[in-house]
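In what follows, every chain begins at residue 1, and chains take the letters A, B, ... in the order their sequences are listed.
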Amino acid sequence: MSLLQADDITVRDGTTTLLAPVSLRLDPGEPLVVLGETGSGKSLLAQALMGTLPLGLEAKGQVTIGAQVLNSGAPDQFRGLWGREISVLPQEPWLSLDPLMRAQAQIAEGHCLVRGLPPREARIRAASDLSELGLADAAARYPHELSGGMAQRVAIAAARAGGARIVIADEPTKGLDAARRDEVANLLLNEMGQSGGLLIITHDLALAERIGGQLIVLRAGEVVERGATRAVFAAPGQSYTRDLLAANPENWTGKAAAAPAGTAVISSRNLSLARGRRTLFRDVSLDIAAGQVFGVTGPSGCGKSSLGDTLLGVIPPLQGQVQRQPGLHPFAFQKLYQDPVAAFPPRRTIGETLMDVVKMTRSDPRDVDRLLDGLGLQPDLLARRPGAVSGGELQRLSLLRVLLRRPAFIFADEPTSRLDPITQARVIKLLTNATESDGIALMLVSHDQALIRNTADAVLPLTPPCDPARAAAKKRVAIALQ
Amino acid sequence: MSVLDLSAAPQPPLSATRRVGVVLIALVAALSLLGPLIVQGDPYAQSLMKALAGPDAAAPLGYDHLGRSVFHRLAYALRLSPVIALAAVMTAGAAGLALGTLSAAKGGWIDRCLVMLADALLALPGLLLILMVLAMVPGTALGFWAGLSLVLWVEFFRLTRAATRETLASPAVQASRLLGFGAAYVFRVHIWPEIAPMMLTAAAFGTATAIMAIAALGFVHVGMRAPTPELGLMMVELLPYWREAPLALLAPVLATFALLLGLTLLAGSRKT
């Protein structure tokens with residue numbers, strides 16, 4: 001007996017079909033992964049299964065949950081199942097906790113109001129949920145006092161408190177680094193156990209591989225391939241799946257050994273940086289030569305981006321120096337942003353913004369056409385505003401804008417972390433090709449170690465320093481107390 | 001999700017409430033500008049024989065206690081207050097915009113001093129400040145302009161400063177600066193489009209506040225002096241005769257109400 005069975009789920013927006021008929025079943029103890037790029041319809045599928053489609057979208061098909069048969073075209077029927085049969089783990093769960101409520105109370109609320117236990121019993125159940133997850137001492141803490149991983153476990157416990165056996169997780173690892181991603185995957189698998197159901201919607205190949213179970217690959221609203229995750233990863237049957245797997249940074253072919261680096265375009269000596277009273281890093285010395293790809297990797301919050309901003313002169317260093325190669329024009333040092341939408345003036349078309357750069361630098365307007373062609377971009381994108389262009393295209397357009405300035409150094413700050421794998425592979429390829437052919441020094445910052453390993457000529461792993469000043473201060477307090 | 005083509009979307013038309021606001025303001029403006037052209041008359045001419053008389057061909061809204069045409073007095077009053085208010089709002093807007101941008105861009109002690117000055121002015125009741133300026137500056141209209149400007153610039157300053165600070169910290173501005181664009185470009189492309197809609201809203205509210213202040217001070221006999229036709233002054237002059245000449249009293253009240261409501265509707269219904 002399957003926990004959930006969906007037959008011929010279709011989603012339409014007026015006359016356009018967003019999701020072609022998809023059927024799936026969810027069995028106890030066997031997770032189901034729906035894998036796809038942005039815009040593949042994978043979130044629509046999840047919303048159709050839960051009856052939470054946005055207004056204006058129309059779903060068809062039959063969903064069987066336990067003994068109940070529901071019509072996904074009538075979302076009102078689903079409401080009674082939320083929390084009791086199906087629970088949803090929201091994206092970035094640490095943002096979905098109530099910041100003014102203690103951890104245990106958030107879970108007890110689900111036991112009390114959804115499952116219908118008396119308040120006293122709900123509190124006891126919440127406490128036992130927390131201790132099962134190893135969070136017994138966090139019961140009285142507020143969300144801001146929890147670490148990211150703890151907050152995520154609390155969110156999972158709260159989502160499950162209503163007694164639902166089926167958990168639907170939509171991009172549960174969005175914005176997480178590799179270690180945290182594995183932690184979340186293990187947690188979800190543990191929660192599922194032998195009798196629960198788990199449906200994971202993701203574009204993250206590593207997560208899909210880690211979860212295992214069954215796999216459905218979606219593209220543009222259609223099922224491309226389905227089967228056991230392990231079998232599909234080992235031998236993809238369709239060319240699209242092969243492209244998708246090849247786009248995983250883990251599977252990129254490593255970079256050939258680089259020629260010995262020439263003179264440094266930009267270098268730093270004994271650079272230290274602090275934010276507030278916290279030291280981000282100390283004594284960083286580096287040299288980045290023309291044509292070289294210099295990778296920087298490390299956990300979030302370790303100062304990767306700040307290091308780049310310091311090299312660009314946007315943030316003053318605490319100690320140490322940054323040296324630029326003499327003879328370069330002052331604007332030869334450029335930056336690519338993590339969120340390209342935020343890096344363009346929002347109310348101007350991209351063409352206008354690019355023409356501003358052409359006019360200021362007095363370069364040839366035909367450069368824009370040449371670069372558009374080289375980066376594989378359609379000229380009609382120039383008539384649009386930044387919000388109306390897809391992330392991958394906009395990141396290439398930012399690269400175009402930067403190249404118009406004829407840079408000697410580009411600092412790329414997580415340029416592909418918001419893109420799906422195939423687009424990411426394409427953008428990184430274009431970026432490294434452009435910098436190599438023009439002899440531009442590239443500093444590539446990413447939390448993805450595989451990406452850096454397979455792209456960079458030299459790697460700087462940044463780790464949070466053990467702060468001697470702070471340790472000493474603590475010691476002083478301890479001595480004073482004695 | 002599919003890419004939304006925002007550039008193809010046409011500019012949204014004025015919302016219904018805003019349109020009502022525009023119509024109300026246009027009606028009041030038509031009354032004050034075109035009225036005296038259609039029915040000629042003198043707002044100062046007295047004729048005690050006609051005191052508190054009802055409407056006739058020469059005075060469509062009747063006569064006040066001194067036998068002056070209420071219609072013509074109202075038309076001139078509706079020119080005086082809005083002109084002073086608009087002049088004050090423009091001065092205050094320009095000053096607030098300049099100082100707010102300066103404060104956000106420079107930071108440091110310039111920012112601190114300007115914020116302290118603005119806070120100090122906010123701590124004083126606006127009408128009291130206008131009264132003090134009126135006492136110092138010769139000429140009532142000039143005094144109102146100076147006093148209202150002094151009260152109103154704080155709002156523009158605070159709005160500009162807050163929005164500009166946020167915009168200047170954005171990656172878009174950082175990218176423009178790294179590319180080598182100067183302060184003028186940053187202001188034109190990044191800051192102005194961000195604050196322009198807010199400034200227009202604040203200007204409409206500011207105009208309403210200013211008209212109200214002039215009328216309120218006129219009503220308590222400390223603003224414009226008789227026999228100048230002014231909204232507040234007309235109301236208080238006609239108040240004792242409300243039983244004999246209700247239309248004469250209602251006319252300035254309704255006109256003021258329509259003007260203030262129109263400005264508030266125009267300002268307040270911005271959806272973003």
Practice item. With a 4.5 angstrom heavy-atom cut-off, could you sort out which part of F344(A) is near chain B: side chain, backbone, both or neither? Key: backbone

Practice item. Please indicate whether E171(A) has more than 12 foreign heavy atoms, meaning atoms of other residues, nucleotides or ligands, lying under 6.0 Å from its CD. Key: yes

Exercise for review: Would you indicate whether M50(A), at its atom CE, is surrounded by more than 12 heavy atoms from other residues, nucleotides or ligands within a distance under 6.0 Å?
Suggested key: yes

Review point. Once you round to the nearest 0.5 Å, how far does OG of S390(A) lie from CZ of R384(A)?
Key: 8.0 Å

**Study point:** Test side-chain contact (heavy atoms from CB on, under 4.5 Å) applied to V223(A) and L45(A), L218(A), V217(A), L19(A), the passing residue
**Key:** L218(A)

Practice item. Measure from the side-chain N and O atoms of E222(A) to the backbone N and O of R219(A), and report whether any donor-acceptor pair falls under 3.5 Å. Key: no

Practice item. Sort out for me which of Q338(A), H329(A), K335(A), Q334(A) touches chain B most, counting heavy-atom pairs under 4.5 Å. Key: Q334(A)

**Study point:** Spacing of CG belonging to L404(A) relative to CE belonging to M355(A), to within rounding of 0.5 Å
**Key:** 9.5 Å

Check your understanding: Picking from T256(B), V28(B), L231(B), what satisfies side-chain contact (heavy atoms from CB on, under 4.5 Å) with L74(B)?
Key -> L231(B)

Check your understanding: Given that the side chain runs from C-beta out, which part of P346(A) has a heavy atom under 4.5 Å from chain B: side chain, backbone, both or neither?
Key -> side chain

Check your understanding: Which answer fits V314(A), side chain, backbone, both or neither, if we ask what part of it has an atom under 4.5 Å from a heavy atom of chain B?
Key -> side chain

Review point. If contact means a heavy atom pair closer than 4.5 Å, which residues of residues 163-190 of chain B contact chain A?
Key: P171(B), A172(B), Q174(B), A175(B), R177(B), L178(B), L179(B), G180(B), F181(B), Y185(B), R188(B), V189(B), H190(B)

Exercise for review: Would you tell me whether S40(A) and E37(A) have side-chain atoms, one donor and one acceptor, within less than 3.5 Å of each other?
Suggested key: no

Point to revise | Contacting region of D13(A) [heavy-atom separation from chain B under 4.5 Å] | key: neither

